[in-house]
2 protein chains.
Amino acid sequence: MTVDSPNLENLRQSHTLSLQAVQVARLYYEQGLTTNDIALELKLSRPKVSRLLSHARKSGLVEIRIHDPEGEAMGLEARLQARYPFLQAQVVSVPLGSSESVWIERTATAAANLLTTLLRPGFRVGLAWGNTMSAVSRVLVPKAVADVIFVQLNGSANAADFVSGFVTETILRFARNFSAKAQMFPVPTFFDDPVTKQAMWRERSVRHVLELQEHADILMYSVGSHTAHTPSHVYTAGYLSPSDLSVLSDEGTVGDIATVFFRADGSHQGLSLNARASGPDLGLMQRVKESICVVSGLGKAAALHAALQGQLMHRLIVDEVTAQAVLELDLEGV
Amino acid sequence: MTVDSPNLENLRQSHTLSLQAVQVARLYYEQGLTTNDIALELKLSRPKVSRLLSHARKSGLVEIRIHDPEGEAMGLEARLQARYPFLQAQVVSVPLGSSESVWIERTATAAANLLTTLLRPGFRVGLAWGNTMSAVSRVLVPKAVADVIFVQLNGSANAADFVSGFVTETILRFARNFSAKAQMFPVPTFFDDPVTKQAMWRERSVRHVLELQEHADILMYSVGSHTAHTPSHVYTAGYLSPSDLSVLSDEGTVGDIATVFFRADGSHQGLSLNARASGPDLGLMQRVKESICVVSGLGKAAALHAALQGQLMHRLIVDEVTAQAVLELDLEGV
DNA sequence: CAGTTAAATGCACGTATGTTCAAGCCCCCC
DNA sequence: GGGGGGCTTGAACATACGTGCATTTAACTG
C-alpha cells in the first residue's frame, strides 16, 4: 500500500481538525467560554465550533470522568454491597417501561466507562465474549493507553465466529479503541475430548495465552444463562450438543462465565463439561486485582445470583431491574 | 466538641446531595440523556437536575480532561508511571506561558478534588503544612464526611505560626471543609536538642498524635526545597540557624517532606537534623494506604525527583512543567 | 476541461440549558 | 404560637446549543 499525496493531505487535515478541536475544547471547558465567544475569537462560524466540540467528545479528545465517592451508595447499590461485602456494585438506572435492549445499552456504556477509568499503561486485560461484551465494545470512547494487551479468555475457533467474525471483532474493537494489542485464543470453545484440551494446554502457543490470562490486571465478562431473554451465544450457536445440554441440566448448572459453568451455589468444581471448556478456572476471577462482571437482562438474574454466591467478581455493573431481581432471589433463597 | 443534631442533618443531606449529583452526572455525561429525561426518570424537577449537574461539576465529582496530542500531560503521566511502577501519577496541564502561581492553583485544585474523592467516613488524614498545602486548603469544596480527623504531621509551635496563624489556618480549613476534627501538633518544628524531642515523644499527649499519624488512612504533603522559586516556609521562616543550613548542604540533602529531610537518592536515615525534626519517619509514607504528594514549581523538581527515588509517595499530583523537568532529571542521572 | 459526487459551510430553526424570581418550607428564636 | 431569616423549590424567561437543509467548495473521473 503506497501513500499518495491526497492521503497525506487528508492526514494533515485530520491533524488540524484535532488541533482545532482541542483548542476549542480548551476554551469551552477550561475557560468556560460560550460557543459564540469561541467562534468570534477564532473566526469560525458558531455551528463549526459546535461541531468541533462534538468531534472532540466523540473521539475521546475530551474525557469526562465521574468520581464516585465509593463509600456510601444509594438504594440497590447499598443493598447489594451490604449483602455481598466483597462486592463493589454499580447499578445503572433504566427508564420505566423500556425494553431490555435499552438496559443492555446503558449497562454497556457504564461498563465501557469504568474500563476506561481503570485502565493504566502496561495493563493486561482478559476479555470474555458474547452479546454483552459485544455491546460494551460498541460504546467505547477512544483513548490511547500505552502497552496494553487485551487477551481473549475462552476459545472461539469454530465456524460460527469464522463466518461472522463476531468474537474477533469484539476483541479487536477493544484493542483498537485503546491503541492496544489483541491476543486471540485460537482454540475451540469446547473440546470434544478433554484429553485433546490437556494436550493443547501443553502447547507453547496456548501456554502463552494462559500466562497472560493468569497475570491479567483486569478481567471483564458477563454471565451466561440458558434462561436469558436473549440467550447467550454459547447456547444458541450450536457449540453444545443436545446431550451436552441435558448433562448441564442434570448437573445443576445455572450459568457460565467465559463458557465455564457453575451451579446455583456458585461452585464450579467437578462439572463434567468444564473439563472440555476453554475458559479459565473461575478462581481466576478472585485472584486478579480487578474483575468486572457486566450483567443486564432479567433472564440472567439467576445466573448472576449464583455467581455472587461464588464471589466470582470484584465489581459488578448491572441494570436496576436485574439488580432488583437478584436481591429478591436472595430473599427467596433464605 | 459535641455533635449536635443540625450537623448530623447537614451531613445526611450533603451525602444524598452528592449521591444524587453522581447519579445525575452519570445519566447526563455517560448515557447522554437530557436534563429533562433525567428529571422524568428520577422524578425531580428539571431545574433541580440542572443544579445537581452544576454542583457535580463545581465540586469536582465530574472531571473533564482534555487530551492534547501536542500537550504533554497524558504522555508525561504514562512516562512517570512507566519509570516509577509503584506510582499513580496525575499530571495537570497548565496554559502555555502562565506563571508558577497559576500552576500551583491548578495543581492544588486537582489535589483537593482527589482528596474529596478518596475521603471516607472514619478516615484519619495526616497533613503537612506549607505553601502548597495552604493553596490546597483554599480551593477545597465543602463536603461533610462523618468521623474524619485531620492530624498535623509536623510541629509548628513557634513564633512564626502564632503571629500569622498560617499553619493553624491551613489545617482548620481542611477540617471545617469536611465537618471534621483537627488534631494540632503543638511541638516545635525543630527541637534544639534531640534529647528534648525524645522526652516529648514519651509524653502521653504527643504519643496520641503520633498514634493518629501512624494509623492514618491518607497522608497529604508536598516536598520542600531550598531551590524553589517560592522557597518553602521551613527555609525562610527562621526555623533553622545558618549553621543548620550548612549542615544540610554538607550532608547532601536536597529536599524535605514535613520538615524531614532526604538525600538525592531518596534516603533519609542518618541525617543529623532529622533527629531534631518533629515530622514522621518517612517510612510512614509507604506504610499508609494512601499518600498523596502535591508538587508544583520548577524549583521543586530536584526534591521531587529524590522523593521518587525513595518511593516516598503512592500518588503524585504535579503540574505538567515540573513533571517534564523531573523526567529530564531522570535522563541526566542515568 | 466539464461533470459528478462528496464533503464542508453557515443560516435558521427548535430544543436544551442555566438562571431569575416569587412562593413555599423548615427551623429557630423570640 | 407567631413571625422572621435562610434555603429549597419549580414556573417562566432568556440564552446557548445542536442539527437539518440549501449552498458552496473541493476533489476525483471520464
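Reminder, nothing fancy here: chain letters follow the sequence lines and each chain counts from 1.
The interatomic distance linking Tyr29(B) (OH) with dT17(C) (P) rounds to 10 Å, in whole Å. The interatomic distance linking Leu42(A) (CG) with dG10(C) (P) rounds to 13 Å, in whole Å. At whole-Å resolution of the value, CD1 in Ile38(B) and P in dA16(C) are 12 Å apart. One can place CG of Leu33(A) at 16 Å from C1' of dT15(D), the figure rounded to the nearest angstrom. Residue Gln20(A) contributes atom CD, which lies 13 Å from atom C1' of dT9(C) at whole-angstrom precision. Rounded to a whole Å, the CG atom of Leu44(A) is 12 Å from the C1' atom of dG10(C). Atom C1' of nucleotide dC17(D) and atom CG of Asn36(B) are separated by 15 Å, given to the nearest angstrom. For Lys48(A) and dA7(C), the NZ to C1' distance is 11 Å, given to the nearest whole Å.
Arg79(A) pairs by the side chain to side chain contact (heavy atoms under 4.5 Å, CB included) definition with Leu76(A), Gln324(A), Leu327(A), not counting sequence neighbours. For Thr116(A), the side chain to side chain contact (heavy atoms under 4.5 Å, CB included) partners at least two apart in sequence or on another chain are Glu63(A), Lys143(A), Phe178(A). Residues satisfying the side-chain hydrogen bond (donor to acceptor under 3.5 Å, both in side chains) criterion with Glu30(B), sequence neighbours excluded, are Asn113(A), Arg26(B). For Ala301(A), the side chain to side chain contact (heavy atoms under 4.5 Å, CB included) partners are Thr322(A), Ala325(A), Val326(A), Leu329(A), not counting sequence neighbours.
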Tabulate below the donor-acceptor pairs under 3.5 Å that side-chain atoms of residues 36-49 of chain A make, not counting sequence neighbours, or state none.
| from | atom 1 | to | atom 2 | distance (Å) |
| --- | --- | --- | --- | --- |
| Asp37(A) | OD2 | Thr34(A) | OG1 | 3.3 |
| Ser45(A) | OG | Lys48(A) | N | 3.3 |

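In this structure, Asp217(B) contributes its side chain and Arg124(B) its backbone to a donor-acceptor pair below 3.5 Å.
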Taking only N/O atoms, report every protein-nucleotides 18-22 of chain C pair under 3.5 Å with atom names and distance.
| from | atom 1 | to | atom 2 | distance (Å) |
| --- | --- | --- | --- | --- |
| dG18(C) | OP1 | Arg57(B) | NH2 | 2.9 |
| dG18(C) | OP2 | Ser50(B) | OG | 2.9 |
| dG18(C) | O6 | Arg46(B) | NH2 | 2.6 |

